[in-house]
Amino acid sequence: MKKELIFMGPPASGKGTQTKKLAAETGFIHVDTGSLLRQAMADGTEAGKIAKDYVEKGALVPVEVVAQIIKDRLSQDDVQKGFILDGFPRSIEQANMLDEMLKEIDEGKEVSTKVVYFDVPIDNLMERIIYRRSCPKCGAIYNLKTMPIKQEGICDACGSELVQRKDDTEEIAKNRFDTYFAQTAPLIDFYEKRGNLVKIDATGTVDEIYKKLKEVIA
């Protein structure tokens, strides 16, 4: 049976970390909307060229173009065992578009679809973002409060100087959360009514959260 997983969660909910662990263990392909969009533009695909025109003008890429890029990826052979979709859908309109594309792709197949929502209290999210530091060289991510580093300001993995992202401030984070919850609340209700939404308590250590994740998708 093909397993289709849609991961949802606010910024800093940890779904990216959990996606990597799950993909490594199961072989499911991580379909990340942002990465797909950048790759399509770099490859110069038809949809990628259209997207690039909008990006270069500083405009939002039309959802139809994003959906086409996602559909092209979900149609490829390596995702027919299963995939983890991250970053799409973000609205009821997009959820309906996803329904249509999967209906076409999965015709005649036995499929299990689950939407996993990473639930984290807002105070925890704020803490994760404000104290987050990352390594620009190797990509390692730390938290000054919950995951202290051996030497202040230096990456444990490669010795490079750590940085704080410009948008990892309390004010910007609050705006991001307000936008996310306003857009996502109807989508959570949409999938709950369908009966295929599961929520996990995404607080605790990475391993603790991963254990909860595996239990709900089993």
Side-chain angles (χ1 to χ4, degrees), residues 1-37 63-122 124-125 176-177 179-204 206-218:
M1 179 184 287
K2 180 182 180 182
K3 284 198 171 184
E4 299 176 342
L5 299 171
I6 301 168
F7 281 5
M8 292 174 54
S13 61
K15 66 183 189 299
T17 300
Q18 298 302 324
T19 298
K20 288 177 184 176
K21 285 178 70 69
L22 187 64
E25 182 176 335
T26 62
F28 293 171
I29 300 298
H30 178 201
V31 181
D32 173 55
T33 307
S35 298
L36 277 183
L37 190 58
V63 66
E64 292 81 9
V65 177
V66 177
Q68 184 59 54
I69 291 171
I70 293 171
K71 183 180 180 182
D72 290 344
R73 184 67 185 94
L74 295 181
S75 300
Q76 293 174 17
D77 291 340
D78 62 343
V79 296
Q80 298 317 305
K81 175 187 173 184
F83 62 78
I84 306 164
L85 181 58
D86 178 15
F88 190 93
R90 291 187 175 179
S91 66
I92 303 295
E93 177 195 12
Q94 292 179 20
N96 287 324
M97 293 174 79
L98 180 62
D99 282 347
E100 288 301 312
M101 69 174 78
L102 289 177
K103 184 179 178 182
E104 183 180 330
I105 292 169
D106 295 333
E107 187 176 3
K109 298 175 185 173
E110 192 176 1
V111 179
S112 167
T113 303
K114 278 191 177 177
V115 181
V116 181
Y117 182 76
F118 289 73
D119 197 12
V120 186
I122 189 75
N124 292 57
L125 294 171
R176 288 169 68 196
F177 290 138
T179 300
Y180 179 83
F181 288 119
Q183 290 177 342
T184 309
L187 200 52
I188 294 171
D189 186 54
F190 176 84
Y191 282 119
E192 274 187 326
K193 286 178 179 176
R194 286 191 169 187
N196 62 349
L197 178 86
V198 288
K199 291 184 179 181
I200 62 168
D201 174 10
T203 57
V206 170
D207 288 340
E208 287 170 346
I209 299 166
Y210 188 58
K211 183 181 178 182
K212 298 173 195 173
L213 174 62
K214 288 185 71 176
E215 286 172 355
V216 301
I217 66 170

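Just so it is clear, the values below take in all heavy atoms, side chains as well, and ignore hydrogens, waters and symmetry mates.
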Residues Q68 and D72: side-chain donor-acceptor under 3.5 angstrom:
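There is such a pair between these side chains.
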Nearest heavy-atom neighbours spanning I92 and P186
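Heavy-atom minimum between the residues: CD1-O, 3.5 Å.
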Does K15 qualify as a cation-pi partner of F7, given the criterion of NZ or CZ under 6.0 Å from the six-membered ring centre and within 45 degrees of its axis?
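Verdict for F7: no cation-pi partner in K15.
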Would you say CD of E215 has more than 12 non-hydrogen atoms from neighbouring residues, nucleotides or ligands within 6.0 angstrom?
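Count over threshold, so yes.
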Salt bridge between [X] and [Y], side-chain N to carboxylate O under 4.0 Å?
X    : Y    : answer
K109 : E107 : no
K193 : D189 : yes
K212 : D119 : no

Non-hydrogen side-chain atoms of [X] and [Y] separated by less than 4.5 Å:
X    : Y    : result
K114 : I6   : no
P11  : L125 : no
I209 : Q18  : yes
L22  : I84  : yes
R73  : V79  : yes

Mind checking what makes side chain to side chain contact (heavy atoms under 4.5 Å, CB included) contact with T179, not counting sequence neighbours?
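Q183.
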Run the ring-ring contact (aromatic ring centres under 6.0 Å, His included) test against Y117 and tell me which residues pass, sequence neighbours left out.
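Residues passing ring-ring contact (aromatic ring centres under 6.0 Å, His included) with Y117: none at all.
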Checking F88 now: which residues fulfil ring-ring contact (aromatic ring centres under 6.0 Å, His included) with it, not counting sequence neighbours?
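Testing F88 for ring-ring contact (aromatic ring centres under 6.0 Å, His included), a comparison that skips the adjacent residues, returns none.
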